[in-house]
Structure formats: C-alpha cells, structure tokens
Number of protein chains: 2
Amino acid sequence: MAAVESDDSATTAGSTLGYALLSLLTRGPATGYQLTQQVKAPLGHFWTARHSQIYPELARLAAAGWVDSVEQAGPGPRAKKTYAITASGLAALRAWLVIPPTAQPRSEITLKAYAATSADPAAMAAVYIDLAERSARLLAEYEQDAERMRAAGQDDPVHPRFGNFAVLMMGIESQRAVHRWARWLAACLRTGHPVAYGEPPAD
Amino acid sequence: MAAVESDDSATTAGSTLGYALLSLLTRGPATGYQLTQQVKAPLGHFWTARHSQIYPELARLAAAGWVDSVEQAGPGPRAKKTYAITASGLAALRAWLVIPPTAQPRSEITLKAYAATSADPAAMAAVYIDLAERSARLLAEYEQDAERMRAAGQDDPVHPRFGNFAVLMMGIESQRAVHRWARWLAACLRTGHPVAYGEPPAD
DNA sequence: AGTTGACATGTCAGAAGTTACATAGTGAGG
DNA sequence: CCTCACTATGTAACTTCTGACATGTCAACT
C-alpha cells in the first residue's frame, strides 16, 4: 500500500464561486465559456462572476477532483475544455447546500438611501424614480420568464431545472420590494413630508 | 506662487466603503471604533465592514482631505482619534449619491436554491423553514424599530436621521420578501409538487 | 485575586473579485 | 476587403474584504 499522497478532496474547502459552478454543472457538462454565459440569468440576478475568475476556479475544482475535464482541439488558439461534475464534487455540493447560509446581502442602492438627506432632494428623488422604473421593467421581464417556465413545467420541484424557477421567484420578490420602496422613497423626497408606506403616490 | 503639489481631493476616487463612512460621519464626528459599531444597524442590514477595513479606509479618507481627525490621549496604548467630515468630503459624498447605482446584490441563500434539487428534499426544506423563521424574527424586530422611529419623527424626510428610517424600510421589505419566498420554497420541497406562489401553506 | 467583556487602534497574510492585457479562428454585414 | 461580433481560454495587476495577530486600560463580576 502506497503512502498517503495528499489529504484529497474530502477535506478541501470550496469557495462560494466554486459551489456556484458545481451547481451549474449539475445541469450538464459545460465549457468555461458556457459557464460564463450561464452566470448571467437567472443566477446572475443574485451571483455574478467574470471569466477571469471562472477559469482559475475551474482549475482549482479540477485539482480537488470535484470536476473532470476533456479537451477537444478546436478552431481557436487553445483547446476547448468541457467540464463535468464528479461524484465527489456532487457530494461536496450536497454537503454545502444544507449549511444554513449566514452571509448578509450588500446593496449599494440602500446604502445611498442612508445618506439621502445630504443630497439635493430633487436630484435624489430622480435617482429613486429611475430605480423604480428599472425595477418595473425587470419585474415585467421576470414575470414573462416565469410564465414560460410554468408552461414548461419547471415550477414542479421534481423538474431538473426547478432551481432556475426558484431563483427567478426570488428575483420577482426582490424587484417588487425594490419597486415599492423606491416609489415610497421618491415620494418622500419629492413632497418633503412623511408618506405612509404602501400608499399609492397621489401625484 | 508655489508649484502644484498634488492633484488633490477633487480627482480622488473613493471606494464604496469610503462613501459609507462619510455617510455615517454626516450624523456627526465619530471614532473608528464608533463607526465599527454603527455599521451594525441599520446600515449593517445592507453593508458591513470589519474594523480592520475601517481604520485603513479612514486613513485614506484623511489623506484625501475628506475627513479631519483630532487625537485625544486616552487610557489605552494608543490615542483616540475622532473623525469629522470636511466640506470637500461632503461635496464628494453628494456627487456620489446622485450616480445611479448598478451593482447587483449577491445572495448566498438564493444561490443555494438554484441547486436545491441536488440535495435531499427533506434536509433542504429544513434549511428554508429555518430561514423563514429567522426572517420572521428579524421582521418583527425591524417593525418594532420602525414604530420607535415613527414616534420620534424619523419618518419625516427633513429629519437628519431619515436615512436610518429609509434603510430600515428596505430591511422590512427584504425580510418580507425572503419570508414569503422561503415558505413557498419549503412547501414545494416538502410536498414534492408545484405550489402556487403566495398561497398560504395548508399544513 | 482573577476573569470576562467593553473600549480602542492598528498590522498582516491571504482570499475573492474587477479590469485590463493577450491571443486567435469563424461568420456576417458593409 | 475590412471591420465587427462571437467563440474560446488564459494571465497579471490591482482593489476589496476577511480572519488572525497584537497591545493595553478599565469596570464589573466571581
């Protein structure tokens, strides 16, 4: 029996990005480029990464034995690498999923609201009116996506892409929350008086 | 007339954390320690920083001329430094406030939902039941805070701490969103069937 | 007398994330 | 023919953020 060569994948701790990539790979094998595209929607509503972060992370996952890769000589200057999740990668993902998450979200829009009274009220109201408009557009877009998914049966928890639907539902909730809040805040700043929350802005 | 010594504060770009600290300092002068306490609530619901990040950032803000500091010899091994925002710091903050924010929020809880079907449904449902309970507790806490603030007139946009109230309102919206979503998701995972969103979970 | 926790400020190593640099083939439109 | 966009993978420099190390006083509790 050979000496122990390394302490192996079982003890390797992964980064959040690593688990995000493993999650994407549960949908099937993909190249780094495809993963870069896939972190745009719906995952991108709550997690983003550039290709410059994804490629090195895939190399780390491969070193840990959590993904396998096969190279195909392609047209470009480098060979195309297709990654697939391994049994130990899936086990690691499963173990991570059931750990109750504690990380607090970070929101620049809310941070700006904290100092809202330091800026010109009209200019600041414009910022939140703009935000309300953007969130309304996103909301409409997300609701169309949700309709399409429901028609495809993705709202069923046994559907392999149910996770896409679940993330989209959170996107809808979030945009609704942002929309209501931004409208209220804009009304406050515009009128200069307290506005009851949830009240329709009487213009 | 002396030669130009530096390109000065006017051209200095600040980090988001720098602006967060300036926002806190609009409430009045504070020490690094006090700022560390103040990024806990309500700002901490949407932006956090450790003291190891705050002290160097304050030094950078001072170098840019955006804050002033006075030292008082204290009891500890080092002198206590009290920081105050300067006129150019306030101008920089005002300029930053009206830039429409674009940064997407990051949420680990939503990321886990993306891969929810890879884990044991019962274990995963427990994660979201726990999340629903935590968000309900936070919501109750935030609503009490909001009541206290309303009683103190902080819901008036002319109140100097209106920003605290605005941030808290977003906290309430967010926790409501998380609560509804987590309950829905837990019901989906528990029953193994599609659950209409917003439906009360008939247990 | 000893311990714990709050006050108070800092540094350092490393992880995580962004921006820019670098390379190169294919197909569509002007 | 030229440019542009898309495919495809990587590196390097830099900023941001976390966790651990480091120091020292004072008041309350045991």
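Residue B/Arg50 is in sugar-phosphate contact alone, with no base atom involved, counting any heavy-atom pair closer than 4.0 Å across all strands shown. When heavy atoms are screened at a 4.0 angstrom cut-off, B/Ser15 is found touching the sugar-phosphate backbone but no base atom. As judged by a 4.0 angstrom heavy-atom cut-off over every strand, A/Arg60 is placed among residues making no nucleic acid contact. Counting any heavy atom pair closer than 4.0 Å across all strands shown, A/Ser52 reaches a base atom.
A distance of 6.0 Å or more separates the ring centres of B/Tyr128 and B/Trp184. Checked against the 6.0 Å centroid criterion, the rings of A/His159 and A/Phe165 do not qualify as a close aromatic pair.
In this structure a side-chain-to-backbone donor-acceptor pair under 3.5 Å is present from A/Tyr197 to A/Trp181.
No more than 12 heavy atoms of other residues, nucleotides or ligands lie within 6.0 Å of CZ in B/Arg161, so this atom counts as exposed by the packing criterion.
An OP1 or OP2 oxygen of C/dG10 is reached within less than 4.0 angstrom by no side-chain nitrogen or oxygen of B/Tyr55. When the side-chain nitrogen and oxygen atoms of A/Thr31 are compared with OP1 and OP2 of D/dT9, one or more of them lie within a distance under 4.0 Å. A sub-4.0 Å separation between OP1 or OP2 of C/dA16 and a side-chain N or O of A/Gln53 is absent.
Whole-Å rounding puts the A/Leu21 CG to D/dT9 C1' distance at 15 Å. Taking atom NZ of B/Lys80 as the reference point, atom P of D/dC26 lies 13 Å away to the nearest angstrom. Between A/Gln72 atom CD and D/dT7 atom P there is a gap of 16 Å when expressed in whole angstrom units. Distance, A/Tyr33 OH to C/dT23 C1': 15 Å, rounded to whole Å. Note: CG (A/Leu61) to P (C/dA15) measures 15 Å, nearest angstrom. Between the P atom of C/dG10 and the NE2 atom of B/His51 lies a distance of 10 Å, rounded to the nearest Å. Regarding B/Arg78, its CZ atom lies at a distance of 12 Å from the C1' atom of D/dC21, rounded to whole Å. The CD-C1' distance, from B/Gln37 to C/dT9, rounds to 13 Å in whole Å.
In this structure, the nucleotide among D/dT23, C/dT11, D/dT7 sitting nearest to the side chain of B/Pro56 is C/dT11.
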Passes side-chain hydrogen bond (donor to acceptor under 3.5 Å, both in side chains), A/Arg106 versus B/Thr48? Steps please.
CA-CA 8 Å; A/Arg106 244 154 222 257; B/Thr48 56; 3.2 Å; yes
